[in-house]
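Worksheet: the structure to be examined is printed underneath.
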Number of protein chains: 2
Amino acid sequence: MASKNLPTRDRIVNAAAKLFQGEGVRDVSVDMVAAEAGLTKRTLYYHFRSKDDVIAAYLQARDQPNLAMFKRWFYETDGGLAEKVEGIFRNLALAARHPKWKGCGFLRTSVELVKTPGHPAVLAARTHKKRVEDWLCTELAKAGLASSSQAAARQIILLLDGSFSTVLLHRDPSYMEAAGDAARRLIHGYLPPADTLDDFSVSAPATPSRPQNSEPGRPLL
Amino acid sequence: MASKNLPTRDRIVNAAAKLFQGEGVRDVSVDMVAAEAGLTKRTLYYHFRSKDDVIAAYLQARDQPNLAMFKRWFYETDGGLAEKVEGIFRNLALAARHPKWKGCGFLRTSVELVKTPGHPAVLAARTHKKRVEDWLCTELAKAGLASSSQAAARQIILLLDGSFSTVLLHRDPSYMEAAGDAARRLIHGYLPPADTLDDFSVSAPATPSRPQNSEPGRPLL
DNA sequence: TTGTGTATATCCACTGTTCGGTATACCATA
DNA sequence: TATGGTATACCGAACAGTGGATATACACAA
């Protein structure tokens, strides 16, 4: 465990992330988080005002790493724009095959807190999803989808969130490859038809690189 | 309220559906369901063995009506295949604009029960989603997407579930129209290119028919 | 060096409440 | 009178949050 000599607050957030991600924010009690962090509930309540604040901190802490992982999957995939986007879904499918994979923490948490629409954790989830969408939008624009980059980014996000939900329900990660295929098709449809020679849309078949996620530890994402 | 002279069991399921759909299965207690049905908890436990059974019955009862609604939205939309599918999303966006709309009960419930993957309610949710996908698949096949009907149906389901999740998070039903646009584009991409004259792909712009969902009562879906 | 004050950080034990589920008794009607 | 259905009152467990005491560390003055 790397979170040994961290500040107490960070250890609490790490413990919360591990438990919340694995079992959901409703099924994990404050006592369990405290125990996982190796301290007492009273100490936890010294660093956080409420369980809701711990939940919000959990999601805020996952925002940047998650976005960075999407970027890595995108940049590390060979091929053109469409293949790079498809690479995200391909790597996601790999991650989803980990036996402990439990879907998207942002989406799941916001569903668990549907009674409290203004909950800070829900706002954190919205911010994260928007950030991913905005990043995608700029990448699409850079690659030539000038006027339609916003629409395309939205549709890819829809496929992404659909993947999370559908795969979590059916426990069948092949849906993610179907989503990647759909994203690729959509992008090809948006790209300038055939007059401009698209030098990248026919490059390497974009095989996922790292053989990650061979079972142990915690799942990515 | 139409559930006045129904058998007790059905009144319980109706009450459960109303409350579970509005506030989630975890935030609604058995006492609340019993009170909503106009009887005591002990009576409820005479008709159901456990709360889990009530939850499962709630989803099982929604399977057929939900599927029927999708079919109606599809058949009642003018235009070709792509436009008919897009009509589903358009009507869904209308439904989602109802202030009390709370997303897809199947997806939400299965997220709330993520700790119990074999839960009968989760199985009911899977069955329902599969049923929608299968129906879509046959419609796609009937309309000419012979070999790719399965893949296309999957991708439409992904857009559908993505819509539910994304719109529930952002509270912005315009994502559903974006999903409908994506579905239309995908289908056009699958349809035989241009050699066969597609007499329907350019028909009426498929405006949603009924002016439904003008605020009161419970939201559809 | 010693003594005192203060802020940070931790813990044990407890409260009040909610919830799923039950024990037991009552009642209506066939 | 026996069966199906309903009601009151209750149980045990789990939970979020708190009261109050304690340990540590550092600042500054005697």
Side-chain angles (χ1 to χ4, degrees), chain A residues 1 3-59 108-109 112-116 118-122, chain B residues 1 3-59 108-109 112-116 118-122:
Chain A
M1 220 48 77
S3 66
K4 200 58 218 146
N5 289 11
L6 284 176
T8 307
R9 194 195 145 92
D10 293 345
R11 283 193 306 166
I12 295 172
V13 173
N14 284 351
K18 176 178 174 184
L19 297 180
F20 286 161
Q21 186 68 29
E23 308 176 53
V25 299
R26 297 292 297 273
D27 274 304
V28 170
S29 68
V30 176
D31 296 83
M32 293 164 73
V33 174
E36 177 73 28
L39 30 80
T40 326
K41 178 163 58 170
R42 199 66 188 84
T43 302
L44 186 149
Y45 273 102
Y46 176 81
H47 294 273
F48 292 90
R49 278 213 334 269
S50 65
K51 180 181 182 180
D52 287 335
D53 284 8
V54 180
I55 298 173
Y58 145 60
L59 286 192
R108 275 176 46 210
T109 302
E112 292 195 80
L113 303 177
V114 101
K115 273 269 289 290
T116 344
H119 195 292
V122 175
Chain B
M1 216 52 75
S3 65
K4 201 56 219 153
N5 288 11
L6 285 175
T8 308
R9 192 195 147 93
D10 294 345
R11 282 193 309 169
I12 295 172
V13 173
N14 284 352
K18 174 178 175 183
L19 296 180
F20 287 161
Q21 186 68 28
E23 309 176 52
V25 298
R26 299 293 297 273
D27 274 304
V28 171
S29 67
V30 176
D31 297 82
M32 291 164 75
V33 174
E36 177 72 27
L39 30 81
T40 44
K41 182 162 57 169
R42 193 62 188 88
T43 302
L44 184 150
Y45 273 101
Y46 177 83
H47 293 273
F48 292 91
R49 279 214 332 271
S50 65
K51 181 182 181 179
D52 288 333
D53 284 8
V54 180
I55 298 173
Y58 144 61
L59 286 191
R108 275 175 47 209
T109 302
E112 291 196 80
L113 302 177
V114 101
K115 273 268 290 291
T116 344
H119 195 291
V122 175

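Below, read A as the first sequence line, B as the second, and so on, with proteins coming before strands; counting in each chain starts at 1.
- Under the 3.5 Å distance criterion, the side-chain polar atoms of A:R108 are left unmatched by any main-chain donor or acceptor of A:V25.
- Residue-to-nucleotide proximity on DNA chain D shows that, of B:K41 and B:G38, the 5′-proximal contact is made by B:G38.
- Residues A:V28 and A:V33 come closest through the heavy atom pair CG1-CG2, 3.6 Å.
- The shortest heavy-atom contact between B:L44 and B:L39 is N-CD1, 4.5 Å.
- Axis angle between the ends of the helix from C:dT1-D:dA30 to C:dA30-D:dT1, five pairs each and rounded to 10 degrees, works out to 10°.
- For B:L39 and C:dC26, the CG to C1' distance is 17 Å, given to the nearest whole Å.
- Remark: C1' of C:dG20 and NE2 of B:H119 are 13 Å apart, rounded to the nearest angstrom.
- First and last contacts of DNA chain D with chain A, using any nucleotide atom under 4.0 Å from a protein heavy atom and ordered 5' to 3', fall at D:dC15 to D:dG20.
- Here C:dG21 presents its C1' atom at 13 Å from CG of B:D53, a figure rounded to the nearest Å.
- Of the two residues contacting DNA chain D, namely A:R26 and B:T40, the nearest-nucleotide position lying further toward the 5' end is that of B:T40.
- Residues of residues 42-52 of chain A that place a heavy atom closer than 4.0 Å to DNA chain D, in numerical order, are A:R42, A:Y45, A:S50, A:K51.
- Interatomic distance, B:T109 OG1 to B:L59 CG, rounded to the nearest 0.5 Å: 4.5 Å.
- We find that CG of A:D31 is positioned 13 Å from C1' of C:dC11, with the value rounded to whole Å.
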Step by step, work out the side chain to side chain contact (heavy atoms under 4.5 Å, CB included) result for A:V30 and A:V54. CA-CA 9 Å; A:V30 176; A:V54 180; over 6 Å; no
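- For the atom pair NZ (A:K18) and CD (A:E23), the distance works out to 10.0 Å, reported to the nearest 0.5 Å.
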